Amino acid sequence: MMQSGDPSRRQLLQGLGAAAVLSALPWKAGAQPAQAPAPQGRKRSLRLAHMTDMHIQPERNAVAGVAACLQHAQSLKDPPAMILTGGDHVMDAFDEPFDRADLQWKLLCKTFKDENSLPVHYCLGNHDIWGWNKPKSKTVGTEAGWGKTMSLDRLEMKKPYYAIDAGGWHLVVLDSVRTDPDDPSGYVGGLDDEQFEWLKADLAAHSAANTLMLTHIPILSVSVLDAKTAKGGDMKVGGGVIFTDWPRIKGLFAANPQVKCVISGHMHRIDRCEFRGVTHLCNGAVCGNWWKGKHHETAEGYALVDLFDDGSVERTYVEYGWKAEK
Ligand SMILES: [Zn+2]
């Protein structure tokens with residue numbers, strides 16, 4: 001089942017503009033235009049599938065679920081040219097000892113090898129990081145593969161953040177998971193200074209290209225407002241669900257109007273925020289509620305993201321028909 005995304009504000013504005021122009025044309029009563037008005041001039045540059053939060057594991061029939069999702073996207077009449085993953089490929093490595101983390105990564109790699117022939121670009125999530133919770137994972141931090149290294153090795157990535165060019169667009173993949181400064185066993189969303197400086201330089205070097213950003217933890221999201229209400233009625237949004245360095249990111253985006261859209265995962269929800277010319281899209285989860293069905297209102301699915309030559313972006317959330325194991 002496919003659900004159409006809402007028309008973008010840009011589309012609505014374009015629609016209004018076209019209507020205003022048509023009503024101003026000096027047609028005689030009863031006359032018909034010789035030709036239908038020319039279609040909107042934009043052309044699609046690239047269609048990609050954004051598959052986030054797979055949380056593969058031996059349980060919950062998750063291997064078959066990831067395979068079904070990959071097959072679904074490849075069998076579409078208008079298939080994507082590539083897959084961008086959105087992080088949390090594995091159920092969890094953060095709290096787990098080596099054997100359990102290793103087993104989940106093996107399942108993920110085998111499933112992609114067996115079930116997918118599209119190009120894939122990976123983005124890391126918090127659950128992909130091995131052992132950051134040292135007490136729970138029973139690690140000390142000096143093990144081979146500890147931290148982000150295991151996921152980089154398994155996914156054959158050189159760095160946890162990078163950029164590529166495709167279809168005339170610049171695609172930037174961020175590493176959005178940082179150690180919580182107040183809790184060495186935890187994490188928060190955002191960029192460290194080194195990555196922020198890299199991003200600044202990368203955007204400056206590609207200022208002419210419409211830019212899409214991919215992050216696991218959202219830069220901005222509406223879904224985080226389902227957070228628990230704190231004492232006194234204040235809402236408390238934890239640093240683990242959003243970019244804690246939003247003020248400097250906001251400034252960077254203001255200086256780089258070529259940044260059109262940010263896609264994220266982590267919330268297992270679908271939402272959309274517009275802020276100063278940037279559309280922030282949170283794109284559900286392949287696993288839904290960690291393979292137990294819907295998470296809130298969001299069923300198991302992935303997003304088709306269409307990028308156009310005028311800088312506009314359309315998102316369609318695709319439910320691939322998964323039935324959670326009882
Ligand atoms: Zn996550």
Side-chain angles (χ1 to χ4, degrees), residues 50-57 59-60 62 65-66 69 83-96 100-101 104-105 107-108 120-133 136-137 147-148 150-152 154-155 157 160-161 173-180 183 185-192 195 213-228 237-246 249 262-271 273 280-296 298-303 317:
H50 178 214
M51 296 184 179
T52 188
D53 296 81
M54 297 178 187
H55 290 281
I56 206 164
Q57 53 187 302
E59 300 80 15
R60 309 300 317 162
V66 172
C69 183
I83 294 171
L84 302 184
T85 68
D88 288 1
H89 302 84
V90 296
M91 182 61 196
D92 183 60
F94 200 96
D95 289 350
E96 298 291 342
R100 174 76 187 177
Q104 295 170 84
W105 277 114
L107 291 177
L108 190 277
V120 191
H121 302 285
Y122 299 97
C123 171
L124 300 188
N126 49 301
H127 287 283
D128 296 327
I129 302 169
W130 176 43
W132 269 14
N133 188 332
K136 277 199 175 166
S137 63
K148 294 174 183 173
M150 181 184 283
S151 34
L152 294 176
R154 305 301 170 102
L155 299 172
M157 293 165 71
Y161 54 88
V173 181
L174 298 178
D175 171 17
S176 59
V177 189
R178 301 166 56 197
T179 304
D180 182 346
D183 173 12
S185 302
Y187 69 90
V188 295
L191 308 181
D192 60 21
Q195 187 180 175
M213 241 172 244
L214 168 62
T215 170
H216 178 65
I217 297 176
I219 290 178
L220 274 188
S221 160
V222 181
S223 300
V224 301
L225 295 177
D226 273 354
K228 289 185 188 81
V237 175
V241 292
I242 199 101
F243 267 44
T244 52
D245 57 344
W246 161 242
I249 300 283
V262 180
I263 55 176
S264 66
H266 193 51
M267 305 306 296
H268 299 219
R269 310 283 294 271
I270 304 164
D271 70 25
C273 294
H280 298 255
L281 301 170
C282 192
N283 285 339
V286 172
C287 76
N289 183 15
W290 294 262
W291 301 105
K292 290 177 183 165
K294 276 189 178 184
H295 182 57
H296 295 266
T298 304
E300 300 90 339
Y302 63 96
Y317 192 68

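Every number for a ligand or one of its atoms is a count from 1 in the order of the listing. These numbers were taken from a predicted model, which means no experiment stands behind them. The residues of the chain are indexed from 1 along the displayed sequence.
Not a single donor-acceptor pair under 3.5 Å links the side chain of Tyr187 to the backbone N or O of His127.
For the pair Met267 and Val241, the minimum side-chain heavy-atom distance is below 4.5 Å. No side-chain heavy atom of Ile249 sits less than 4.5 Å from a side-chain heavy atom of Leu220. Side-chain atoms of Trp291 and Glu59, non-hydrogen and from C-beta on, never get closer than 4.5 Å to each other.
Across Asp175, Asp128, Asn126, a single residue satisfies side chain to side chain donor-acceptor pair (under 3.5 Å) together with His216, and that is Asn126.
Under 2.8 Å from the Zn ion (ligand 1), one finds the following protein N/O/S atoms: Asp88 OD2, Asn126 OD1, His216 NE2, His266 ND1.
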Hey, mind stepping through Arg154 and Leu108 against side chain to side chain contact (heavy atoms under 4.5 Å, CB included) and telling me if it holds? CA-CA 9 Å; Arg154 305 301 170 102; Leu108 190 277; over 6 Å; no
